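Values below: all heavy atoms of this structure, side chains included; hydrogens, waters and symmetry mates excluded. Just so it is clear, the model here is predicted, and its values are computed rather than measured. We count ligands from 1, going down the list as the structure has it; atoms in each ligand are counted the same way.
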Amino acid sequence: MNKYYHITTYGCQMNVHESEKIAGILSSLGYQACDDIENADVAVFNTCCIRENAENHAFGNIGMLKKLKARKRDMIIAVGGCLTQQIGKADVLHEKFPFVDVIFGTHNLNKLKEYVLKKQTQKKAVIEILDDDGKVYEECPSLRTSYPNAWVNITYGCNNFCTYCIVPYVRGRERSRRSEDIVNEVRQLIKDGYKEITLLGQNVNSYGNGTQDISFPELLQKIANIEGKFRLRFMTSHPKDFSKELAQVIAANPKICNLVHLPVQSGSDKVLKEMNRKYTSADYLDKVKTLKKYVPNCAITTDLIVGFPNETEEDFQATLNLVNEVGFSSAFSFVYSRREGTVAAKMDGQVSEDVCKRRIMELIALVNSKTREQSATYVGKIIEVLCEDYDVKKGAYCGRDEYGRMAYFKSEKSVLGEFLNVKITAANGISLTGELV
Ligand code: 5AD
Ligand code: SF4
């Protein structure tokens, strides 16, 4: 009889890729993917805790499985990821949801197979949260779900300790994979027909950090030297480590997309200092200038936070000014979320909900207007997109250009995974519509 698994993923691209590793583990146990959690024999929740709402969302969804589990006693429910790795959270989870069978953290995803097998032989829940042992585990084959795009980890963890951020506490110290392992993985992916590779790390610019023989720009160059037509992307870049060498390697290699995700977080020097970001708004603008000097048409995207403790109207205005000055092609805007255990959680001067709401709406309106302005310049142009999906609702294929802009277009035959020229006929906010040429 067929056995099925279902994975619910919360949070960032890093988690999406980790879910591909979870899928790899479960398929090695003979399970197949299913879309409906009701049919699952193993249901995994791969959680995120970067903001309170991500955590609440996961808690809500897990809670809803109580009835299903009462009907399907043999079903295994497993919860892993960042949420469970927070101190004491695994116990809270176990107490709140005693029907959860397996609880694991960010440092032992590779042991999920063992946990599932163990749970099949015992009644008691299997709970194991390990401390960061500084290791990189290479033995987790992924079952990739995003063809023609593939995600490849290059670093794990983070050493930056931005004062608002929980990541360094739940993902441990920064460690880099060996460059040969990364290059071999990418070479194999290209051989397997993948067309877009995104290198992943909390701060890709500090790849190696004294522990590897090559720097991040050198790693990019090695990967760009692999034969074949493919695109190379990377995220996330911390501005403090963004170098001239990186801009030069982007400029010199057509395979490396002219798009950099460079989170600025705030435009206020006072707030940046309190956030422990280690740069000022002038430093940031300098990095942007360097990037544009070598890669004039480079698109820049960013992350922004409003409502950090003690953020004044003036501080917020500085963020708006910076957004105006840089002209980001798009940006993720967040309301500050207090995370227990971080330095900022102990700061006085939490900004009220009303003020945060007003600021986020104003910021989003500005960011969107910039994105719309840039989208409008596409109309009439021909762009090269990599077709990555078919949108059933729109009845159209979709793909991105190298700047990350999504375009929708019709095609009689399947063009998934193909590079195509599309003439843009309309711009609607962030996305574009066009025709194959
Ligand atoms: N509150 C709001 N946003 C946060 N981020 C990280 N921690 C928090 C927090 N506590 C945002 C940052 C980061 C992105 C991945 O999430 O902008 O760049
Ligand atoms: Fe969090 Fe800062 Fe590390 Fe990014 S660089 S993961 S925001 S601590």
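Of all the heavy atoms of R171, none lies under 4.0 Å from any atom of ligand 2, so neither backbone nor side chain is involved. Neither the backbone nor the side chain of R338 has any atom closer than 4.0 Å to an atom of ligand 1 (non-hydrogen atoms only). At a heavy-atom cutoff of 4.0 Å, ligand 1 is contacted by the side chain of F334 but not by its backbone. By the criterion of a heavy-atom distance under 4.0 Å, the side chain of I305, and not its backbone, is placed next to ligand 1. Residue P168 touches ligand 2 through its side chain alone, judged by heavy-atom distances below 4.0 Å.
Every atom of ligand 2 with a heavy atom of N160 under 4.0 Å away is listed here by number and element: 5 (S). Applying the 4.0 Å criterion to heavy atoms of Y336 picks out, from ligand 1, the atoms 1 (N), 2 (C). Counting atoms of ligand 2 from 1 in the listed order, those under 4.0 Å from a heavy atom of H238 are 5 (S). Set against the non-hydrogen atoms of Y164, the atoms of ligand 2 under 4.0 Å away are 7 (S).
Using a cut-off of 2.8 Å, one finds that C158 contributes no N/O/S atom close to atom 2 (Fe) of ligand 2.
Exactly one residue among F334, F308, Y284, Y164 makes a side-chain contact (heavy atoms from CB on, under 4.5 Å) with Q265. That residue is Y164.
When only non-hydrogen protein atoms are considered, atom 14 (C) of ligand 1 lies nearest to D303 OD2, 3.4 Å. Nearest non-hydrogen protein atom to atom 2 (C) of ligand 1 is V335 O, 3.4 Å. Nearest protein heavy-atom contact of atom 17 (O) of ligand 1 is Q265 OE1, 2.6 Å.
A salt bridge is defined here as a Lys NZ or Arg NE, NH1 or NH2 lying under 4.0 Å from an Asp or Glu carboxylate O, and E384 with K195 fails to meet this definition.
The shortest N or O to N or O distance between R51 and ligand 1 is below 3.5 Å.
With distances taken over non-hydrogen atoms, the option nearest atom 1 (N) of ligand 1 out of A345, A344, S337 is S337.
To the nearest 0.5 Å, atom OG of residue S19 and atom CG of residue L143 are 11.5 Å apart.
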